[in-house]
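Below is one structure, written out as structure tokens; comments come after it.
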Amino acid sequence: MISHQLSLRAGLVRQTSAGIYAWLPLGLRVLKKVERIVREEQDRAGCQEVLMPTVQPAELWRESGRYDDYGKEMLRFSDRHAHEMLYGPTNEEMITDIFRQYVKSYRDLPKNLYQIQWKFRDEVRPRFGVMRGREFLMKDNYSFDIDFDGAKRSYDNMHTTYLRTFARMGLKAIAVRADPGAIGGSLSQEFQILAETGESKIFYDAELDSMDVNDIEGTRALYASAEEKHDPATCGVPPDRLREARGIEVGHIFYFGTKYSEAMNATVTGPKGEAITVEMGSYGIGVSRLVGAIIEASHDEKGIVWPEPVAPFHVGLVNLRVGDGACDTAANEIYEKLQAAGVEVLYDDREERAGVKFATMELIGLPWQLVIGPRGLAAGVVELKSRASGESEEISVESALARLVG
RNA sequence: CGGAGUGUAGCUCAGCCUGGUAGAGCACCGCCUUCGGGAGGCGGGGGUCGGAGGUUCGAAUCCUCUCACUCCGACCA
């Protein structure tokens, strides 16, 4: 798995146990950027952020019946009072519990609550680095509506929000019809990033390949399905336009109606004073998995090629000759100016040979490299190189700064 | 959960078969070389050999147990 190899070589993460990772400085910056984009789009879609505990009491899960259904994937343990506890693999029960305690009237609906929190699923076989870890960071949100029409609107709203979220990360996600699995329910779609190494097989209309990621409506209209739900006879796509590919699942949206609200008695009072069991949906985005998926979708033989919005730094400043007065002065000045302008800059002031520094910069894949060397300085120029295109140009310090700040 | 492996220096691994004072490359530290695409030379530091028992005069090496990790498969919001 190339993304995992690059993650280790670039020092993004360190495995501490099977499927459990420590996030190192560079990797954490990426994780935070992904998290921020997800959060901004959730807020924009009208969701409200909460934060629920990672450790949950078994009683909640007994109420929904899932304590027995979930199986060994759930990490269970007891506290000192012999109370049965678990490390949350998901949060339907807890959010339903919170909802039923505070929301009493149909006038408070619709409501959509989300959190970005660590989950734990005791996978039999963790693999692919952070893409299939046991502990992972996930954005999960839950919608509450008065009826099916409302729930459908919430579902569609999340559909749009997800496409927008992934597009902002430089990713093209395909929303495929999916099996709802253990969550239950009828409406269900997975968001897949195309990658040869993906775990899921998908089928989709070739028109999607040429579709702009920002054309949300156009994208939504086209056919795409997970292997399990695909039927060549009824999909409606001409055979020559049907594509088969592999994908990495980075998001999943579900409508499941009253499965949990009924079991846990989550009702609101309706206009006529009657008790109405709320219609729910849940929606997940694998935040930590996205870090791996982005690398899988964006790298070359030299290393990672970060899309700008999630890059750990905007520019890597390379001082080719540390200890040389002119180089040090120029590099330090540029560093100060970039910092002052709010540009995220990583300054390589190691006493290493040029080749080592270039190789490191390519590996960690920052969008821009600004190279300061004695040869260029003598001619009054520095080198500005784009990681994605590989093109570099020798320009004055002033124009380089203008380009990076602007 | 079935099957197959691997645990020896920070990393990758040799040594184990055939027991006898723990090695290499890379990384790290110092000096030299001043070197714009992962240099070279000299010197140096670093390991309870995953853990516990056992056999033996003597165990990284043989035996038993145990723990961890990896890969293949099944499983999987």
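Taking the C1' atom of each, B/rC1 and B/rA9 are spaced 36 Å apart, rounded to whole Å. B/rC26 and B/rG45 are spaced 16 Å apart, taking the C1' atom of each and rounding to whole Å. For B/rG25 and B/rU18, the P atoms lie 30 Å apart once the distance is rounded to whole Å. Using atom C1' as the reference point in both B/rC13 and B/rA60, the two lie 14 Å apart (nearest Å). Taking the C1' atoms as reference points, B/rG38 lies 13 Å from B/rA27, given to the whole Å. Across B/rG47 and B/rG73, the matching C1' atoms stand 37 Å from one another, rounded to whole Å. To the nearest whole angstrom, the two P atoms, one in B/rC63 and one in B/rG23, are 25 Å apart.
Note: A/Tyr155 and A/Tyr255 fail the aromatic proximity criterion, with ring centroids not under 6.0 Å apart.
Counting to the nearest Å, the P atom of B/rC75 and the CD atom of A/Glu199 are 13 Å from each other. The distance between atom CZ of A/Arg121 and atom C1' of B/rC75, rounded to the nearest whole Å, is 14 Å. Between A/Asp122 atom CG and B/rC1 atom C1' the separation is 12 Å, expressed in whole Å.
Within a 6.0 Å sphere centred on CZ of A/Arg220, heavy atoms belonging to other residues, nucleotides or ligands number more than 12.
Taking 4.0 Å as the cut-off between side-chain N and carboxylate O, A/Arg39 and A/Glu49 count as a salt-bridged pair. A salt bridge links A/Arg387 to A/Asp300: one of the charged nitrogens lies within less than 4.0 Å of a carboxylate oxygen. The pair A/Glu362-A/Lys385 meets the salt-bridge criterion, with a side-chain N (NZ, NE, NH1 or NH2) lying under 4.0 Å from an Asp/Glu carboxylate O. Note on A/Glu393 versus A/Arg403: salt bridge recorded, some NZ/NE/NH1/NH2 to OD/OE distance being below 4.0 Å. Ion pair A/Glu190/A/Lys229 not flagged as a salt bridge, since none of the NZ, NE, NH1 or NH2 atoms sits closer than 4.0 Å to an Asp/Glu carboxylate oxygen.
Test A/His230, A/Arg241, A/Glu207 against A/Tyr223 for side-chain hydrogen bond (donor to acceptor under 3.5 Å, both in side chains) and you get one pass: A/His230.
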Practice problem: Going 5' to 3' through nucleotides 33-38 of chain B, assign each nucleotide B (protein heavy atom under 4.0 Å from a base atom), S (under 4.0 Å only from sugar-phosphate atoms) or - (no protein heavy atom that close). | Solution: --BBBB

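Residues passing the side chain to side chain donor-acceptor pair (under 3.5 Å) test with A/Gln115 are A/Asn91, A/Asp140, sequence neighbours excluded.
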Measure all distances between protein nitrogen or oxygen atoms and nitrogen or oxygen atoms of nucleotides 68-71 of chain B, and list the pairs falling under 3.5 Å.
unit_1: B/rC69; atom_1: OP1; unit_2: A/Ser17; atom_2: OG; d: 2.9
unit_1: B/rC69; atom_1: OP1; unit_2: A/Ala18; atom_2: N; d: 2.9
unit_1: B/rC69; atom_1: O3'; unit_2: A/Gln15; atom_2: NE2; d: 3.0
unit_1: B/rU70; atom_1: OP1; unit_2: A/Gln15; atom_2: OE1; d: 3.3
unit_1: B/rU70; atom_1: OP1; unit_2: A/Gln15; atom_2: NE2; d: 3.0

